[in-house]
Amino acid sequence: MSDISIAESVVLPPIKEVAARLGISEDDLEPYGRHKAKLPLHLIDPGKVAAAKLILVTAITPTPAGEGKTTVSIGLGDGLHKLGKKAVVVLREPSLGPVFGAKGGATGGGRSQVSPMVDINLHFTGDFNAVEKANNLLAALLDNAIQTPNHPLNIDPRTVLWKRCLDLNDRSLRQIIIGLGGKANGVMRSDGFNITAASEVMAILCLATSLPDLKAKLGNILVAFSYDNKPIYARQLQAEDAMAILLRDALKPNLVQTLEQTPALVHGGPFANIAQGTNTVLATRMGLSLGDYVVTEAGFGADLGAEKFLNIKCGYAGLAPAAVVLVATVRALRHHGGAPAAELNTPDLARCERGFANLARHIENTQKFGYQPVVAINHFVTDTPEEVALVQQLCQARGVEAILSTSWAEGGAGATALAEAVLANIATGTNHLRPLYVWDQPVKAKIETIAREVYGAVGVDYTAQAEADLRRIDRLGLAGLPICMAKTQKSFSDNEKLIGRPEGFRVTVRECELAAGAGFLIPILGTLLRMPGLPPVPASTGMEIDDSGVITGLS
């Protein structure tokens with residue numbers, strides 16, 4: 001059965017029943033149909049947040065298809081639920097770009113899904129639309145100020161940093177010219193679009209702790225410079241209140257459920273290679289207020305998602321996971337062991353053993369942060385018992401437990417062993433977060449700590465542009481912000497072809513951007529696309545909706 005047919009075969013209770021089990025009254029629900037709702041922020045209880053246990057799910061360096069972090073996260077939540085624990089799953093919202101492009105949605109798979117899958121993968125409760133509108137309102141206000149004669153901000157259009165956004169993969173919009181057609185149509189200048197998940201507004205939404213904090217962060221967005229080289233912030237355009245009005249409802253976490261009726265909060269969706277790659281602070285705190293165990297995830301491999309979760313999100317939110325789960329697949333180990341794409345599903349013990357070097361590096365990195373991880377082997381039908389046993393033996397040799405998770409096929413029953421291992425890991429009381437750097441260290445020291453300690457690089461090089469960017473950051477007094485490294489997700493290095501566990505390499509910081517509103521610096525390693533393109537055969541070509549409205553082909 002397909003993911004969508006499995007989801008449609010399960011009859012779920014209305015969302016008010018899920019809310020009632022969490023102690024939420026109907027008066028506090030803002031329903032969006034029968035199976036989804038928004039929750040008010042007053043349900044967040046700092047005392048309960050401090051008492052509940054947060055479980056972070058991260059992963060090995062992924063193959064292009066991903067290794068199933070979301071499936072494992074949902075399965076683990078269902079497994080904890082089956083063990084009688086009050087568990088809540090907290091996840092990111094999917095972007096429409098991958099849904100219609102190549103990768104598909106982000107609601108899990110098989111019997112480990114959040115529902116309603118189709119709604120969540122499409123417009124859901126309109127959060128992405130609100131981010132897009134707030135982003136583009138700021139762009140319109142900025143261009144209007146440039147157009148206005150004798151405007152007091154004296155904005156130099158050649159210095160504009162702010163781009164528009166759209167939640168679809170459309171490569172033709174990466175670099176455009178706007179203002180064509182004469183004076184009445186604005187000042188002609190170069191511009192471009194990011195995908196909505198890459199907007200700084202999305203990053204801000206996911207780090208905001210309240211409506212006032214959201215407004216302050218929006219006001220701090222650096223949008224351009226004046227002709228006399230003074231910074232122009234969104235607050236100088238008086239944009240923050242109007243943007244916050246558009247984001248007022250989007251700030252509230254979304255409540256849904258898994259196919260096994262485990263409560264799930266799905267909220268926010270920033271990229272993991274250009275932003276922090278994790279759900280909102282508010283949803284995480286909400287989950288910790290409503291449950292005793294909260295399972296959340298961080299995007300891509302642990303060198304991106306987990307590093308940013310632990311160094312950035314935890315710092316801003318005052319959170320610390322009680323346990324870390326590292327998702328690995330035999331398929332990914334074969335990939336890192338040298339298997340070509342056509343042979344990723346072909347059993348090969350030798351490649352699996354060579355590829356373990358990648359997982360080993362992630363284990364070591366997790367330990368540097370103060371955690372003894374639990375490895376979850378996300379099972380695929382092409383895995384052999386010998387390969388699974390090999391991974392478990394290699395993990396055991398490093399003092400790490402590796403548990404086979406079959407939640408895709410079996411739901412929570414296939415993840416109860418994993419849940420038991422995670423509970424035992426938490427019970428040791430030995431996991432304590434140790435951030436890798438102090439925020440007020442020099443910027444280069446922070447960059448080089450991540451490059452050496454997490455990636456395994458022997459050094460960092462800086463282009464002339466990057467050096468100029470760092471000088472500007474110093475001049476603006478913002479060098480004390482945390483680091484949000486932007487690099488390929490396909491390798492520990494900045495070269496996606498260096499798979500496995502590369503050694504002896506250097507990384508190059510091409511430029512260093514400033515997300516003053518979100519509150520982090522973005523050193524860019526290599527070339528990253530913030531507006532993806534569609535593949536030769538987009539996923540949308542395989543989707544159908546029949547005359548009665550039944551959808552097929554959406555995953």
Side-chain angles (χ1 to χ4, degrees), residues 57-69 71-72 75 103 109-110 300-306 324-368 372-409 414-415 417-418 421 453-458 487-505 507:
V57 178
T58 184
I60 190 172
T61 304
T63 61
E67 306 320 306
K69 277 193 313 297
T71 299
V72 171
K103 195 171 182 181
F300 291 135
D303 55 316
L304 285 170
V324 174
V325 176
L326 267 173
V327 177
T329 62
V330 169
R331 178 183 64 179
L333 294 177
R334 294 179 192 135
H335 165 71
H336 289 291
E343 297 178 23
L344 289 183
N345 292 324
T346 302
D348 193 317
L349 274 173
R351 283 171 171 164
C352 191
E353 185 167 10
R354 286 197 300 272
F356 183 81
N358 183 273
L359 177 56
R361 177 92 209 180
H362 287 293
I363 290 172
E364 294 165 17
N365 289 345
T366 307
Q367 291 168 336
K368 290 176 183 178
Q372 186 72 349
V374 175
V375 171
I377 305 172
N378 186 25
H379 184 258
F380 282 68
V381 294
T382 55
D383 299 350
T384 65
E386 293 78 14
E387 289 171 309
V388 171
L390 174 65
V391 178
Q392 292 176 318
Q393 291 164 11
L394 293 171
C395 286
Q396 186 177 27
R398 291 176 171 269
V400 172
E401 193 168 13
I403 307 296
L404 184 66
S405 173
T406 57
S407 66
W408 188 93
L418 176 61
E453 295 296 324
V454 178
Y455 307 158
V458 297
K487 74 169 186 71
T488 177
Q489 71 273 19
K490 298 178 182 179
S491 171
F492 276 114
S493 76
D494 54 0
N495 178 358
E496 65 179 46
K497 295 180 181 179
L498 296 181
I499 58 174
R501 181 177 183 157
E503 295 180 349
F505 64 92
V507 297

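Between the side chain of Thr488 and the backbone N or O of Glu496 there is no donor-acceptor pair closer than 3.5 Å. Checked by atom type and distance alone, the side chain of Arg354 never pairs as donor or acceptor with a backbone atom of His336 at under 3.5 Å. Between the Asn365 side chain and the Val454 main chain, a donor and an acceptor come within less than 3.5 Å of each other. Listed for the Thr71 side chain is a donor-acceptor partner under 3.5 Å among the backbone atoms of Gly109. Under the 3.5 Å distance criterion, the side-chain polar atoms of Lys69 are matched with a main-chain donor or acceptor of Phe300. Looking only at distances, a side-chain donor or acceptor of Arg334 sits under 3.5 Å from a matching main-chain atom of Leu344.
By the side-chain hydrogen bond (donor to acceptor under 3.5 Å, both in side chains) test, Gln367 is found to be paired with Gln372, residues two or more places apart in sequence or in another chain being considered. For Thr384, the side-chain hydrogen bond (donor to acceptor under 3.5 Å, both in side chains) partners at least two apart in sequence or on another chain are Glu387. For the salt bridge (charged side-chain N to carboxylate O under 4.0 Å, His left out) test, residues two or more places apart in sequence or in another chain that qualify with Lys487 are Asp303. Ala302 is linked by a side chain to side chain contact (heavy atoms under 4.5 Å, CB included) to Thr58, Ala306, Leu326, His362, counting only residues two or more places apart in sequence or in another chain. Judged as a salt bridge (charged side-chain N to carboxylate O under 4.0 Å, His left out), and not counting sequence neighbours, the contacts of Asp348 are Arg351.
Residue His335 comes nearest to Ile499 through the heavy atom pair O-CD1, 3.2 Å, listed as atom of the first residue, atom of the second, then distance.
A salt bridge links Lys368 with Glu453; the closest basic N to acidic carboxylate O contact falls under 4.0 Å.
Between Phe492 and Asn358, the closest side-chain pair of non-hydrogen atoms falls below 4.5 Å.
No hydrogens or angles considered: a donor-acceptor pair under 3.5 Å links the side chains of Glu67 and Thr329.
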Using residues 396-403 as the side-chain source, report each donor-acceptor pair under 3.5 Å to any protein atom, sequence neighbours left out, with the distance given to one decimal.
residue	atom	partner	partner atom	Å
Arg398	NH1	Glu364	OE2	3.1

